[in-house]
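Every chain is numbered from 1, with letters handed out A, B, ... down the list of sequences. All of these numbers come straight from a predicted model, not from anything done at the bench.
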Amino acid sequence: MEDGPDTLPADVDAVRAALIEWYETDHRSYPWRETEDPYEILVSEVMSQQTQLDRVVEAWHAFLDEWPTAEALAEADRAAVVGFWTDHSLGYNNRAKYLHEAARQVRDEHDGEFPRTPDGLQELMGVGPYTANAVASFAFNNGDAVVDTNVKRVLYRAFSELHDKEEPPYQHIADELLPKGRSRVWNNAIMELGAVACGKTPRCDEAGCPWREWCDAYDTGDFTAPDVPTQPSFEGSRRQFRGRVVRALNEYGELPIDELGPRIRVDYSPDGEYGRAWLRSLLEDLSDEGMVQLTERDGAVIARLQR
DNA sequence: TTCCGGTGAT
DNA sequence: ATCACCGGAA
């Protein structure tokens with residue numbers, strides 16, 4: 001007796017075929033769906049993790065225009081890559097650093113060739129389980145099932161037995177649904193479903209969801225989604241000021257700490273509550289992360305983006 | 001004002 | 001296990 005299939009509909013093959021047909025009949029068009037280059041796919045995935053897709057399209061073209069290959073990116077100054085991220089408002093600039101580092105790993109540790117398996121890809125900086133499976137699938141048709149929050153939401157609604165579990169076995173269910181050897185089309189399709197038909201507010205009929213005849217949520221009307229942890233507000237947060245630091249250094253090249261301060265917050269005064277000591281600790285963190293380079297000149301701290 | 005999310009650090 | 005990380009859009 002296997003321990004998984006009993007949680008799936010008896011006609012798994014029909015479920016698979018319905019989703020693939022739905023996807024292939026009509027889906028949104030994105031340029032990274034037209035390439036099998038693992039570098040181009042990786043860039044699109046890292047950008048897509050944090051930014052609305054319509055904004056990613058423009059940034060993706062511009063990034064590849066600037067650094068067309070992993071080799072080119074590996075040779076770039078980190079300051080240029082982080083600066084690009086900031087100029088295009090791509091969020092978490094740590095990801096620019098990871099992407100840069102991953103390109104160097106491909107060059108230095110993999111003879112310039114991308115790993116072709118999820119496990120190999122996951123060794124790259126900034127590439128976790130999700131991105132590894134996405135790149136393996138879309139570049140090499142060689143991935144396992146991707147599980148991101150969109151996929152979790154789809155599975156949680158379609159298979160209501162997941163509601164009872166303390167830790168729902170999303171990866172297990174997703175792996176069993178995936179038709180072997182078809183990870184490229186399958187992972188595209190199930191994420192398209194989560195984005196187009198099964199978003200936070202479901203659009204089952206409007207989007208012609210192919211799973212309506214099997215879906216527990218469509219059957220019962222309970223479209224509950226898995227809980228997502230709440231976040232502290234961005235306004236006034238430390239990461240807001242980090243973002244301002246990177247933006248200012250990208251604009252001015254380098255700045256002494258007391259000239260940087262007023263550009264970070266209007267109430268900056270060197271000896272105030274949010275003064276030199278506060279900014280110094282922010283900069284030390286950014287320096288420890290390899291984002292910012294600190295030098296001392298005439299007793300004053302000078303900051304600039306790490307090359 | 002709240003929402004959104006994959007990864008790495010600890 | 002929990003937390004920090006970004007900024008546009010809803």
**Q** Would you indicate which nucleotide in B:dG6, C:dA9, B:dG8 comes nearest to any side-chain atom of A:Y98?
**A** B:dG8
**Q** In whole angstrom, give the distance that lies between atom CE of A:M125 and atom P of B:dG8.
**A** 7 Å
**Q** Can you see if the side chain of A:T149 gets near the phosphate of B:dG5 - specifically, an N or O under 4.0 Å from OP1 or OP2?
**A** yes
**Q** If I take atom CZ in residue A:R242 and atom P in nucleotide B:dA9, what distance separates them, rounded to the nearest angstrom?
**A** 13 Å
**Q** DNA chain C: A:E167 or A:L90, which has the more 5' nearest nucleotide?
**A** A:E167
**Q** Compare the minimum distances between each of C:dG7, B:dG6, B:dT7 and the side chain of A:R239, then state the nucleotide with the smallest one.
**A** C:dG7
**Q** To the nearest Å, give me how far apart CE (A:M291) and P (B:dG8) are.
**A** 14 Å
**Q** In whole angstrom, what separates A:L53's CG from B:dG5's C1'?
**A** 12 Å
**Q** Describe the nucleic acid contact of A:F234 in one word from base, sugar-phosphate, nothing, applying a heavy-atom distance below 4.0 Å.
**A** base
**Q** Is a salt bridge present between A:R16 and A:E21, judged by a nitrogen-to-oxygen distance below 4.0 Å?
**A** no
**Q** So A:R95, base contact, sugar-phosphate only, or nothing? Heavy-atom distance under 4.0 Å.
**A** base
**Q** For B:dT7 and A:T131 - does any side-chain N or O of the residue sit under 4.0 Å from the phosphate oxygens OP1/OP2?
**A** yes
**Q** Specify whether A:Y30 and A:W32 have parallel, tilted or perpendicular ring planes, treating 30° as the upper limit for parallel and 60° as the lower limit for perpendicular.
**A** parallel
**Q** Mind checking if A:R247 touches a base, just sugar-phosphate, or nothing, with heavy atoms under 4.0 Å?
**A** sugar-phosphate
**Q** Take A:D175 and A:Q171 through the side-chain contact (heavy atoms from CB on, under 4.5 Å) test and state the conclusion after the steps.
**A** CA-CA 6 Å; A:D175 284 339; A:Q171 187 70 54; 3.0 Å; yes
**Q** Would you say A:S89 places a side-chain N or O within less than 4.0 Å of OP1 or OP2 belonging to C:dG8?
**A** yes
**Q** C:dC6 C1' sits how many Å from A:H88 NE2, rounded?
**A** 16 Å
**Q** Mind checking A:V46 for me? I need base, sugar-phosphate or nothing, with any heavy atom below 4.0 Å counting as a touch.
**A** nothing
**Q** Which comes earlier along DNA chain B counting from the 5' end, the contact point of A:S233 or that of A:Q122, where each point is its nearest nucleotide?
**A** A:S233
**Q** Rounded to whole angstrom units, what separation is found between the CD atom of A:Q171 and the P atom of B:dG6?
**A** 13 Å
**Q** Check this for me: does any side-chain nitrogen of one of A:E71 and A:R107 sit under 4.0 Å from a carboxylate oxygen of the other?
**A** no
**Q** Closer than 4.0 Å, any side-chain N/O of A:N94 to the OP1 or OP2 of C:dC5?
**A** no
**Q** Is it the case that the side chain of A:W22 and the backbone of A:A207 share a donor-acceptor pair, with hydrogens and angles ignored and the cut-off at 3.5 Å?
**A** yes
**Q** Does a nitrogen or oxygen in the side chain of A:K200 sit under 4.0 Å from OP1 or OP2 of B:dC3?
**A** no
**Q** Nearest whole angstrom, please: distance from the C1' of C:dA4 to the CD of A:Q240.
**A** 15 Å
**Q** Quick one: does A:Y92 reach the base of C:dG7 with a side-chain donor-acceptor pair under 3.5 Å?
**A** no
**Q** How close or far is atom P of B:dA9 from atom NZ of A:K97, stated in whole angstroms?
**A** 8 Å
**Q** Please determine if A:E259 and A:R263 form a salt bridge, counting it only when a charged side-chain N lies under 4.0 Å from a carboxylate O.
**A** no
